[in-house]
Amino acid sequence: MEKTPSYFVTREAPARICAMSRDTKLIVVVRDPVTRAISDYTQTLSKKPDIPTFESLTFKNRTTGLIDTSWSAIQIGIYAKHLDNWLQFFPMSQILFVSGERLISDPAGELGRVQDFLGLKRIITDKHFYFNQTKGFPCLKKAEGSSKPHCLGKTKGRTHPNIDPEVVQRLRDFYRPFNMKFYQMTGRKFGWDD
Ligand SMILES: Nc1ncnc2c1ncn2[C@@H]1O[C@H](COP(=O)(O)OS(=O)(=O)O)[C@@H](OP(=O)(O)O)[C@H]1O
């Protein structure tokens with residue numbers, strides 16, 4: 001198993017992975033692209049506190065409302081476009097999209113889908129998790145090889161900055177058609193536009 005989030009958005013990755021093994025099973029965790037962009041920005045901000053505001057990076061021209069699709073935080077969330085690239089090399093049956101939102105609200109359900117996709121017995125179930133209110137995430141009741149609970153690390157669940165609601169709305173409008181195409185391609189409504 002190998003995991004790197006940037007594979008999904010790297011043009012050369014599908015051909016390279018296909019050349020290695022065309023039977024590879026691919027799993028991608030996706031979440032609402034607007035929240036994803038803000039989370040991405042939050043992570044960069046934690047390392048470089050002097051970067052411009054999210055709002056100013058979002059637009060090529062704020063007056064015309066033209067979005068800067070070359071900004072990686074925006075570009076990565078155009079899932080339908082990246083998926084098109086993968087479908088040139090892999091059938092949809094070899095790709096599983098996991099909902100980042102459901103991974104928090106129903107981790108066992110989402111991991112059930114992962115286990116089925118991998119042809120594994122459903123070993124991980126509800127009884128392995130509890131919801132940690134302080135953390136805002138589900139945690140494992142027992143970590144592997146230990147009897148103690150295990151939660152995600154400190155860098156998960158950072159507080160996101162408040163973003164101008166008009167900018168958020170503009171981004172929602174921008175992503176909607178790409179999200180619709182993505183729902184169609186994957187056969188799953190992720191509920192980002194409800
Ligand atoms: N297992 C699991 N379930 C649900 N959500 C998860 C999980 N692992 C990571 N995350 C969330 O993904 C966001 C990016 O996390 P990363 O691990 O890629 O990077 S980092 O933590 O920001 O360094 C970051 O989102 P935000 O916290 O909303 O910014 C993480 O909390």
Side-chain angles (χ1 to χ4, degrees), residues 1-10 13 25-55 57-58 71-79 82-83 86 95-118 120 122-146 148-165 167-169 171-172 175 179 182 186 188-194:
M1 190 178 73
E2 155 69 11
K3 144 188 124 80
T4 303
S6 61
Y7 284 157
F8 184 54
V9 299
T10 302
K25 289 192 178 185
L26 306 155
I27 302 177
V28 188
V29 182
V30 285
R31 74 195 289 196
D32 178 343
V34 179
T35 327
R36 205 217 69 80
I38 300 170
S39 166
D40 191 326
Y41 174 79
T42 307
Q43 192 195 122
T44 311
L45 193 65
S46 73
K47 293 176 191 152
K48 297 183 203 159
D50 295 333
I51 57 169
T53 62
F54 180 90
E55 288 83 345
L57 289 167
T58 296
W71 182 29
S72 63
I74 305 275
Q75 175 65 224
I76 293 171
I78 310 176
Y79 303 136
H82 306 303
L83 176 54
W86 284 88
I95 315 176
L96 180 74
F97 286 93
V98 171
S99 157
E101 288 84 6
R102 300 287 299 170
L103 205 50
I104 295 171
S105 63
D106 178 21
E110 217 47 32
L111 286 170
R113 295 178 69 245
V114 173
Q115 292 169 96
D116 292 349
F117 173 72
L118 295 175
L120 301 173
R122 283 198 173 206
I123 289 175
I124 303 168
T125 60
D126 262 333
K127 67 175 195 293
H128 291 90
F129 297 97
Y130 73 96
F131 194 83
N132 184 316
Q133 294 293 348
T134 327
K135 189 84 194 133
F137 282 106
C139 300
L140 280 173
K141 284 183 189 161
K142 280 183 197 167
E144 208 187 342
S146 149
K148 287 191 194 148
H150 178 77
C151 293
L152 293 169
K154 277 200 191 78
T155 61
K156 322 293 174 196
R158 291 188 181 101
T159 308
H160 294 174
N162 287 322
I163 306 299
D164 180 341
V167 175
V168 171
Q169 192 51 51
L171 278 173
R172 297 225 159 279
Y175 279 120
N179 288 346
F182 184 66
T186 56
R188 183 173 185 189
K189 287 191 177 123
F190 285 84
W192 302 320
D193 300 275
D194 300 346

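As the structure lists them, so they are numbered: ligands from 1, and atoms in each ligand from 1.
Residue contacts with ligand 1 for Q43 involve side-chain atoms from C-beta outward but no N, CA, C or O (heavy atoms, distance under 4.0 Å). Within the 4.0 Å heavy-atom criterion, the part of H160 lying near ligand 1 is the side chain and not the backbone.
At the shortest separation from atom 11 (C) of ligand 1 among protein heavy atoms lies R31 NH1, 4.3 Å. Ranking protein heavy atoms by distance to atom 4 (C) of ligand 1, first place goes to I104 CG1, 3.6 Å. Summary of contacts: the protein heavy atom closest to atom 9 (C) of ligand 1 is K156 CD, 3.6 Å. From the protein, the heavy atom lying nearest to atom 3 (N) of ligand 1 is L103 CD2, 3.7 Å. In terms of protein heavy-atom proximity, atom 5 (N) of ligand 1 is nearest to F137 CE2, 3.7 Å.
The heavy atom nearest to atom 8 (N) of ligand 1, considering only T155, T44, T159, L152, is found in L152. Of the listed options S99, P107, S39, G100, S39 places a heavy atom closest to atom 24 (C) of ligand 1.
Atom NZ of K141 is surrounded by more than 12 heavy atoms from other residues, nucleotides or ligands within 6.0 Å.
Protein heavy atoms come within 4.0 Å of atom 28 (O) of ligand 1.
Residue contacts with ligand 1 leave out T42, since none of its heavy atoms falls under 4.0 Å from the ligand.
Ligand 1 has an N or O atom lying under 3.5 Å from an N or O atom of G157, backbone or side chain.
Considering only heavy atoms from C-beta on, D116 stays 4.5 Å or farther from L96 through its side chain. Two residues are said to be in side-chain contact when any heavy atoms from C-beta on lie closer than 4.5 Å; C151 and F137 fail this criterion.
Salt bridge status for R172 with D193: absent, with no side-chain N to carboxylate O gap under 4.0 Å.
In this structure, R102 and R188 approach most closely via the heavy-atom pair CG-NH2, 3.8 Å.
Ring centroid separation for the pair F182 and F97 comes in under the 6.0 Å cut-off.
Between F8 and W86, the ring planes lie parallel to each other; the angle is under 30°, not in the 30° to 60° tilted range.
A distance of 5.5 Å separates CD1 of I95 from CG of L83, quoted to the nearest 0.5 Å.
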